[in-house]
Undergrad: 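What follows is a structure written as structure tokens; I'll ask about it next.
A, B, ... follow the sequence lines: proteins, then strands. Residue 1 opens every chain. FYI, side chains are in, hydrogens and waters are out, and symmetry mates aren't considered; it's all heavy atoms of this structure. Being a predicted model, the structure only gives us computed values, none of them experimental.
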Amino acid sequence: MTATTTEADPAHAYRGYLESLEDADEYAAVEVAVGLLDGGIPAERVLLDLVAPAQAEVGERWARNEWSVAQEHAATHISERVVAAVAAHANPRPVRGRIVVACMDGEWHALPPRLVAEVLRLRGWQVTFLGASVPAAHLVSYLHRYDAHAVALACALPMRLPYAHRMIEACRRSDVPVVVGGRGFGDDGRWARRLGVAWAPDAPAAADLVADERALRRVPPAQLDHLADDEYASLVKRRGELIDSALADLRKRVPSVNRYTPAQLDSTISDLGYIVDFLAAALYVDDATLLTEFIEWLVAILASRGVPAGAIGLTLDHYGLQLRDFPRAARFLGLARAVVTDLANQAGR
Amino acid sequence: MPADTRLARELLDGLAEAIATTDHAGIVTLVNAMAVDLLPELTLGTDLARCAVPALARAVQAGADTFDAEHRGRRLRGTRRGLAGGRCAWYVRDVTEEQARTDALLAERSRTAFLAQAGSRLGLSLHRDQTLRATATLPVPYLADAAVVVHRPPPPEDEPHWIRYAEGDALPATGVGSWDLAAAVPGLADALDGDAVEPSPWLNAEPADLAEVLPDHFGRPGTLLISPMLNAGGPAGALILIRRAERAGFDQREIELAREFAARAGAALAAAELYGEQAHLARVLQNSLLPPELPAVGGATLAGGYRAAGDSLRIGGDFYDVFPTEEGAMFALGDVCGKGVGAAVLTGRVRQSLQTLRLVEQRPLKLMRLLNRALFDAPDAARSAQFTTLLLGTLARQGDGGLVVRVAGGGHPSPLIVRADGTVDQVRVGGMPIGALTAARFVEAEVRLAPGDLLLAYTDGVTEARGGPTELEMFGNARLRQALASGAGLPPATLVDRLLQLVDEWLDGQVHDDIAMLAVAAAPA
């Protein structure tokens with residue numbers, strides 16, 4: 001504890017904090033954060049300059065296969081405890097209206113919205129954090145029950161965008177303005193604009209936005225005329241059949257698949273499903289980059305785990321063949337295929 | 001070109017358009033009969049740039065080719081056309097009727113749009129305060145420069161409350177008024193009693209009367225229109241629309257529109273109040289049936305996870321409970337057959353019985369038997385033919401930081417133990433469901449949890465979750481064990497979250513049965 005007074009700067013404390021996450025040492029991590037608060041650092045800075053970047057690093061380490069899923073979960077758990085400790089320490093008095101913060105249904109990345117919730121709380125709002133994966137019906141009944149000034153929804157995975165849109169519409173029907181955030185809406189919020197919803201790039205921006213009701217309600221309408229071609233709806237209906245046939249195709253072309261353990265098979269099937277889901281979301285917002293960015297990421301993830309990208313290329317080809325009557329889907333898959341080829345060439349060089 | 005000037009004159013005078021021509025110096029050289037009617041100010045020799053028709057004179061001075069203005073109570077629209085020799089002609093049409101029709105159409109359109117928007121906003125919310133906010137904000141600026149709703153909150157509040165929105169405000173403001181306010185604002189008391197009041201110009205009422213409900217910057221009000229907001233049981237409040245002195249007063253159509261709006265707002269407020277009462281009732285019942293916040297238990301870390309099949313009330317037939325004891329804690333996790341509210345009610349009965357019976361018996365096996373008899377003896381047990389599967393256990397702290405767990409099973413999936421090294425064992429406790437047979441048999445087992453080990457009790461909603469690529473395959477024991485093995489050493493809350501997430505992803509939005517989990521580990525030293 002003696003070191004904290006000289007280190008009352010999140011940037012200096014960062015390394016030690018990350019080490020305590022690495023050691024899964026909850027007490028040490030909380031000590032670093034509380035030490036900063038005691039050293040006069042505002043709670044908002046501790047959350048945004050210490051906890052948030054460390055959590056981003058945790059995600060990166062998982063992506064690079066340096067950390068296991070269990071390690072990532074343990075670190076996230078500690079971050080949550082740290083956020084709770086910082087919140088308890090600051091304990092601001094609510095003087096403004098109620099904001100409901102929730103993860104979309106099926107969204108489990110609860111820490112970023114939790115940070116937003118705490119920043120809003122620090123700025124005087126009365127915040128209700130509903131946590132991870134909140135079913136739409138639950139959220140709506142909550143909004144009807146309490147007089148919410150606004151609802152902040154988080155979406156970390158772009159493939160959840162169609163669900164996100166339904167959820168946003170459900171909130172609107174309760175006449176509560178919505179602000180969204182999270183990587184799921186694109187790093188520049190372009191898919192939020194497509195869905196016609198106010199978007200905040202980070203917690204302070206979200207706080208500024210909810211304070212301005214007119215800005216919240218003044219949102220250009222959704223641009224989803226392309227859904228009239230029915231490609232999205234048809235793809236969703238064929239999801240199971242597509243995954244089955246893609247797996248059969250892989251078994252034929254990549255014999256080692258037949259020797260996979262049940263767990264390996266499950267994760268292969270998940271990946272096949274993710275590709276369909278990301279394609280569906282890309283069709284929903286009519287933006288091929290949603291799919292191509294995912295494929296880039298997936299290739300990197302698999303490469304870090306020693307899985308060659310070739311299999312992804314085969315699957316994209318297979319889906320492209322199955323969906324040749326869907327002009328937009330076929331075009332998106334073609335672009336994704338080109339990304340795989342480029343990455344393979346780069347790796348070969 | 002008629003050579004006959006008389007014929008030309010007759011043709012000109014027969015036109016429905018007024019025509020005036022000028023020479024190169026801008027002096028009027030000819031006016032037809034219609035021009036005499038519409039613009040009597042123009043005579044031969046008038047300098048058009050200085051004529052007594054101001055809009056026309058301005059247009060000539062500015063070199064404009066058109067003008068559009070009210071003149072002598074008529075709406076006139078003129079166009080200039082150049083003629084040979086620097087002369088020119090002005091053609092002026094009387095568009096009074098045409099304009100009136102267009103204005104009426106536009107007014108009707110904006111009125112319809114306003115009512116449509118009001119209808120959809122008012123219909124959206126089921127919350128009283130949101131409805132009030134919509135009522136105060138919607139009429140501004142279309143109907144008024146400021147709107148104030150005076151309303152009676154539900155009992156036990158007695159004083160009238162108000163909510164106000166003025167043009168330019170970011171948010172509506174609220175406050176508590178007094179009955180003096182109702183008395184001071186002319187007509188307000190009547191409207192609060194349900195009578196419609198004619199709009200009144202702001203006569204000599206003291207500005208102080210309304211000062212408490214008007215924003216500081218508003219200035220002196222011009223006209224006031226007070227409308228009652230009625231609901232089924234009588235007046236719900238009153239809507240006061242206020243226009244500034246510069247703005248024209250309310251015309252008959254606007255008064256009707258305001259009345260219609262206030263009536264709709266009153267109905268929306270009534271619906272919100274009714275919903276509020278019922279939601280409160282449902283919430284009180286629901287809270288008694290939701291899984292509890294787990295108490296702190298010395299020497300152990302516990303975490304529960306719960307997901308009900310029906311999502312909006314979040315209650316169902318799965319449950320868990322933890323009661324601290326002297327040695328550690330007692331825990332229960334069970335599954336009542338059926339789902340939804342019916343199952344939740346039986347769940348409540350099982351939990352209450354357990355609460356009471358644990359005071360007389362704390363050994364899991366004996367307590368299970370007692371509970372079986374209690375449920376079987378319940379008056380309508382035979383008729384409802386419902387049974388419950390249950391795990392009932394105790395945790396006892398050990399000197400070395402570990403826990404001894406005794407657990408009895410009543411027809412429930414056996415709990416799993418995740419050792420620190422990733423091995424997963426089953427604690428075999430079969431038994432029969434409780435509440436179904438008087439002679440039901442139950443089984444008890446004892447296990448030891450070293451620090452780093454974890455015991456997971458779960459309901460079949462976890463393993464029987466149907467999903468995956470085919471949407472029909474069960475999540476199954478193998479996936480559960482695999483997930484536990486890869487999460488060895490995680491704290492209970494983290495592991496439970498991870499399992500909920502995996503099952504949720506497996507389900508991918510499909511309907512599912514109730515899901516409950518309870519994880520126990522020795523507390524870290």
Undergrad: Measure the OG1-CZ distance between B:Thr137 and A:Arg217 for me, rounded to the nearest 0.5 Å.
TA: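 B:Thr137 OG1 to A:Arg217 CZ: 7.0 Å, rounded to 0.5 Å.
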Undergrad: So which part of A:Leu247 gets closer than 4.5 Å to some heavy atom of chain B, the side chain, the backbone, both or neither?
TA: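 Interface part for A:Leu247: neither.
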Undergrad: Side chains of A:Pro135 and B:Arg307: does their closest heavy-atom pair fall under 4.5 Å?
TA: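 A side-chain contact exists here, since the closest heavy-atom pair is under 4.5 Å.
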Undergrad: Can you say whether A:Val276 sits under 4.5 Å from chain B via the side chain, the backbone, both, or neither, judging by heavy atoms?
TA: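 Neither part.
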Undergrad: Between B:Arg479 and chain A, with a heavy-atom cut-off of 4.5 Å, which part of the residue counts as in contact: side chain, backbone, both or neither?
TA: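 Contact with chain A: side chain only.
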Undergrad: Roughly how far apart are A:Asp105 CG and B:Asp504 CG, rounded to 0.5 Å?
TA: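 Reported value, rounded in 0.5 Å steps: 6.5 Å.
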Undergrad: Check each atom of A:Ala74 against the heavy atoms of chain B and say whether the ones under 4.5 Å are side chain, backbone, both or neither.
TA: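 Both the backbone and the side chain of A:Ala74 come within 4.5 Å of chain B.
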Undergrad: Quick one: CG on A:Asp175 to NE2 on B:His127, what's the gap to the nearest 0.5 Å?
TA: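 Reported value, rounded in 0.5 Å steps: 12.5 Å.
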Undergrad: Given the rule in the side chain to side chain contact (heavy atoms under 4.5 Å, CB included) test, do B:Arg498 and A:Val69 qualify, once you have shown the distances and angles that lead to the verdict?
TA: CA-CA 10 Å; B:Arg498 182 161 144 66; A:Val69 173; 3.3 Å; yes
Undergrad: Examine whether an atom of A:Tyr146 lies under 4.5 Å from a heavy atom of chain B, and if so say whether it belongs to the side chain, the backbone or both; otherwise answer neither.
TA: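 Interface part for A:Tyr146: both.
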Undergrad: Side chain from CB out, backbone as N, CA, C, O: work out which of these in A:Asp212 comes under 4.5 Å of a heavy atom of chain B, or both, or neither.
TA: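 When you check distances to chain B, no heavy atom of A:Asp212 falls under 4.5 Å.
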Undergrad: Which of the residues B:Asp497, B:Leu500, B:Leu507 is involved in the greatest number of heavy-atom pairs with chain A at under 4.5 angstrom?
TA: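 Maximum pair count with chain A is reached by B:Leu500.
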Undergrad: Heavy-atom distance under 4.5 Å to chain A: side chain of B:Glu505, backbone, both or neither?
TA: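 When you check distances to chain A, only side chain atoms of B:Glu505 fall under 4.5 Å.
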Undergrad: Just verifying a value: how many Å separate B:Leu171 CG and A:Glu213 CD, rounded to the nearest 0.5 Å?
TA: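 Rounded to the nearest 0.5 Å, the CG-CD separation comes to 5.0 Å.
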Undergrad: Out of A:Asp244, A:Ile243, A:Asp266, A:Val140, return the one with the most heavy atom pairs under 4.5 angstrom to chain B.
TA: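 With the most close heavy-atom pairs to chain B, the winner is A:Asp266.
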Undergrad: In terms of side-chain geometry, is the basic nitrogen of B:Arg133 or A:Asp147 positioned less than 4.0 Å from the acidic oxygen of its partner?
TA: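 Salt bridge present between B:Arg133 and A:Asp147.
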Undergrad: Checking A:Arg81 against chain B: side chain, backbone, both or neither under 4.5 Å from a heavy atom?
TA: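 No part of it gets close to chain B.
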Undergrad: What part of B:Gln482 gets closer than 4.5 Å to chain A, counting heavy atoms only: side chain, backbone, both or neither?
TA: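 When you check distances to chain A, only side chain atoms of B:Gln482 fall under 4.5 Å.
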Undergrad: Side chain, backbone, both or neither: which part of A:Arg239 has a non-hydrogen atom closer than 4.5 Å to chain B?
TA: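 Side chain only.
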